[in-house]
Each structure stands twice: as C-alpha cells, then as structure tokens.
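Below: one structure, written as structure tokens.
Because the structure is a prediction, the values reported are computed rather than measured.
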Amino acid sequence: MINKNYDLLGEQLAESGLEMSLEPMITSALIGGATSIIGGIFGSSQADAQNREARRAQEKAEKAAQEAADATNEYNKRSFKVDKQNYANTRAFEAETLTRNWQYQTEQQDFGHLSAIEQYGKSVQNTQDRLTYNSIAAMQAYESEQSALNDLFTEDAFSRQGLLVDQLQNEGRAALGQAGNSRTKALQSSIAALGRNSAIMDASLSSSVEQSQRNMQQIGLQRYAADLQANASMMIKPKKGPAIPLPIQAPERIFIEPMEVLPQAIQPARQQSTFAPILSGLISGAGQIGMGIANQAANNYQSPFRPIGATAANANDRGFFR
C-alpha cells in the first residue's frame, strides 16, 4: 500500500546527496509553476475549442452564403427564362395582331373600291338616262316646232288660196260691171291688192320661219346645256388605291443572360494560437519554479565567514555581510 505522505522529490534529493529539504517557498513555487503550466494547457485547449467554433461558424456562414447565391442564381435563371418566354408570346401576339389588321384594312380597301365602282356604275346609268331624256325632250320640242311651222305653212297656203279666190271674184265683177278704162283700173286695183296682200303674207311667213329656226337652235342649245350638266354630275371612274404595305415587326430584343451571383464574402475565422498559452505557461511556470529555488537557496546559503552553528540572522546581527 502506497503511503500518501511519501515524498518522492525529497527521497530523490536525499539519494542525490543534497542535504536540503523542500521548503514551503519551493513548494509554493512548484505549485505556482504547475498552475501556470496547467493554465497554459487549459488556455491552449480553450483556444483550440474557440478556433474550432470559429471555423464551424465560418463554414456555416459560407454554406449559408453559398445557398443564398445558389437560390439567387436559380431565381435569376428562371426569371430570365420566363422573361424570354413572355417576350416570345408577346411578339407572336403582336405579329398575329398586325397580320389581322393588315387583312382587315385590305378587305376594307377592296370593299370601298367595289362600293365606289357600284356607285360609279349607277352614276353612269343615271347620266345615260338623263342624256336619253334630254334627247327625247329635244326631239319632242323639234317635232312641236316643226308641227307649228307646218301649220303655219298650211294656214298660209289656205290664206293665199282665199286671196286668189277673192282676186278672181273681184276681176269677174269688174269685167261684168264696167267697160273701157274703168274696167282696166278696177282690174289693176284688184291685182295690186292681191300683190300687196301676198307680199304681207310672204313677209309674215318668212318671219315665222326665221322664228321657228331660232326656236330650233334654242332647243339644241338647251339640250346641249342639259347634256353638259348631266355629264358634269357623273362620278369620275374610281381607281383602286395602292396596296397596303405588309406589316413589319420591330427588331427582336437582345437578351443578356443574368450574371452569376457569387457567394457573399465571409470574413475568415480568427484563429488563436494554441501554442502561445502553453509557451506562456511553461515560461511563467519555469520562472516561478526557478525563482522559488533561487530564493530557497539564498535562504539556506552559509557564508564561510560565519561561525559554525550561527544562523543567517545571527550573522547579520554580528556584522557579517556588511
């Protein structure tokens, strides 16, 4: 059974021949030195634990930053893909709308041209009808005027026949009732009256014929004016407008792929030295032990000038070491 009070250091010193024992000062120095060394070891262990914790925190932050960057890049890729698809859909819709509008405008142009052609045809027909009416009206006016002139000629002929009959009757009466110069004068007077009346009738007939000719000319002028008015009111033949240009789309949009987002920069974990606490503890412990041994040795030192059996205090009291 091991004795708990066994002094290994004292036994080793006794065996080495050193006649001195561990004093409280050395014991205290050894304890302090051991405490410093143990403290250094503990500090190194704490520094190592803190370093591991810092590295774990750094790794965790780097992982979180990488996940955030990956999520952002994934979202940017999806958003870019959706934007391109939306642009393609919008462009296709615009192209279809432009094509439909072009077709509608072309159909409207054709419809308007056909409608104008129909209106022009109706206008031509109306003009032809008007010209036909003018021609018929003029022919009727000519016929009416010619009929009036014919009636005038017929009336003149009957009047001339009446004058001639009157003349013959007057001549017969003159020949039966008178003789010699009186009969001759009567005949001459009757002939003169006939000539005078014939001249009046000729002048009247000539004037009537001239008026009829003027009436005929007026009828012709009126028809010409009516024809001019009818032609002027007729529509101009419509012409089809130029073809509506085909729709043209704007240039396609140029897309730039989103730049890849890098993980957020993480401050490197601050690492503490694990050797510094041990070295500091060793230096401190060695210093304390060395100081304790030195102090103990100084207390146990015997001067050659001191009487045997005298203590250091007595030597000092007697004037040694002065």
Side-chain angles (χ1 to χ4, degrees), residues 105-244:
Q105 292 176 2
T106 302
E107 292 174 357
Q108 287 293 106
Q109 185 185 50
D110 294 339
F111 176 78
H113 180 67
L114 292 176
S115 178
I117 290 294
E118 291 178 357
Q119 293 177 4
Y120 171 73
K122 186 64 175 177
S123 177
V124 171
Q125 183 65 40
N126 292 337
T127 301
Q128 290 176 352
D129 293 342
R130 185 66 182 176
L131 293 177
T132 302
Y133 170 79
N134 294 340
S135 176
I136 295 174
M139 290 176 61
Q140 290 179 349
Y142 284 137
E143 291 176 357
S144 177
E145 187 65 27
Q146 187 65 43
S147 178
L149 184 60
N150 291 336
D151 291 341
L152 183 62
F153 281 132
T154 301
E155 182 181 358
D156 180 75
F158 281 114
S159 296
R160 290 180 183 275
Q161 289 178 359
L163 290 176
L164 183 58
V165 171
D166 291 341
Q167 177 64 25
L168 292 175
Q169 289 177 353
N170 290 332
E171 288 180 356
R173 284 194 296 272
L176 293 175
Q178 297 178 0
N181 292 330
S182 297
R183 184 178 60 183
T184 302
K185 290 181 179 178
L187 290 173
Q188 289 177 348
S189 175
S190 177
I191 293 172
L194 177 62
R196 184 173 58 255
N197 291 333
S198 295
I200 293 172
M201 293 180 66
D202 288 340
S204 177
L205 180 60
S206 177
S207 177
S208 298
V209 170
E210 291 178 356
Q211 182 62 41
S212 178
Q213 291 178 348
R214 286 193 295 271
N215 292 339
M216 292 289 187
Q217 292 177 354
Q218 186 65 28
I219 292 172
L221 289 176
Q222 290 177 351
R223 178 189 175 182
Y224 178 72
D227 290 346
L228 287 179
Q229 185 177 2
N231 289 323
S233 62
M234 184 177 67
M235 289 179 57
I236 299 175
K237 185 176 182 179
K239 296 181 180 180
K240 190 174 183 180
I244 298 176

Review point. Are side-chain heavy atoms of Asp129 and Tyr133 found at a separation under 4.5 Å?
Key: no
Practice item. Specify the closest pair of heavy atoms between Glu145 and Gln211, including all atoms of both residues, with the distance to one decimal. Key: OE2-O, 4.4 Å
Exercise for review: Heavy atoms only: give me the nearest Tyr120-Pro238 pair and the separation to one decimal.
Suggested key: CB-CD, 3.5 Å
Check your understanding: Short question: side chain of Ser123, backbone of Gln119 - any donor-acceptor pair under 3.5 Å?
Key -> no
Revision key, fill the gap. Value for OG (Ser135) from CD (Gln128), rounded to nearest 0.5 Å, stands at 13.0 Å
Practice item. Could you tell me whether a side-chain N or O of Ser233 sits under 3.5 Å from a main-chain N or O of Gln229, the two making a donor and an acceptor? Key: yes
Practice item. Could you check if a side-chain atom of Asn126 sits within less than 4.5 angstrom of a side-chain atom of Met234, using non-hydrogen atoms only? Key: no
Exercise for review: Would you please say whether a donor-acceptor pair under 3.5 Å links the side chains of Arg214 and Gln217?
Suggested key: no
Point to revise | Closest non-hydrogen atom pair, Ile219 against Ala141 | key: CD1-CB, 3.2 Å
**Study point:** Interatomic distance, Ser208 atom OG to Asp151 atom CG [nearest 0.5 angstrom]
**Key:** 11.5 Å
Review point. How about Leu221: does its CG atom have over 12 heavy atoms from other parts shown lying under 6.0 Å from it?
Key: yes
Check your understanding: Is the closest side-chain heavy-atom distance between Lys122 and Met235 below 4.5 Å?
Key -> no
Review point. Between Gln109 and Pro242, which heavy-atom pair has the shortest distance, and what is it?
Key: NE2-O, 2.8 Å
Check your understanding: Which heavy atom of Asn134 sits nearest a heavy atom of Asp227, and at what distance?
Key -> ND2-OD1, 2.9 Å
Exercise for review: Starting at OG1 of Thr154, measure out to CG of Leu149 and round the result to the nearest 0.5 Å.
Suggested key: 9.5 Å
Practice item. May I ask you to decide whether Lys240 forms a salt bridge with Asp110, counting only side-chain N to carboxylate O separations under 4.0 Å? Key: yes
Practice item. Please answer whether the main-chain N or O of Glu143 pairs with a side-chain N or O of Ser147 as donor and acceptor at a distance below 3.5 Å. Key: no
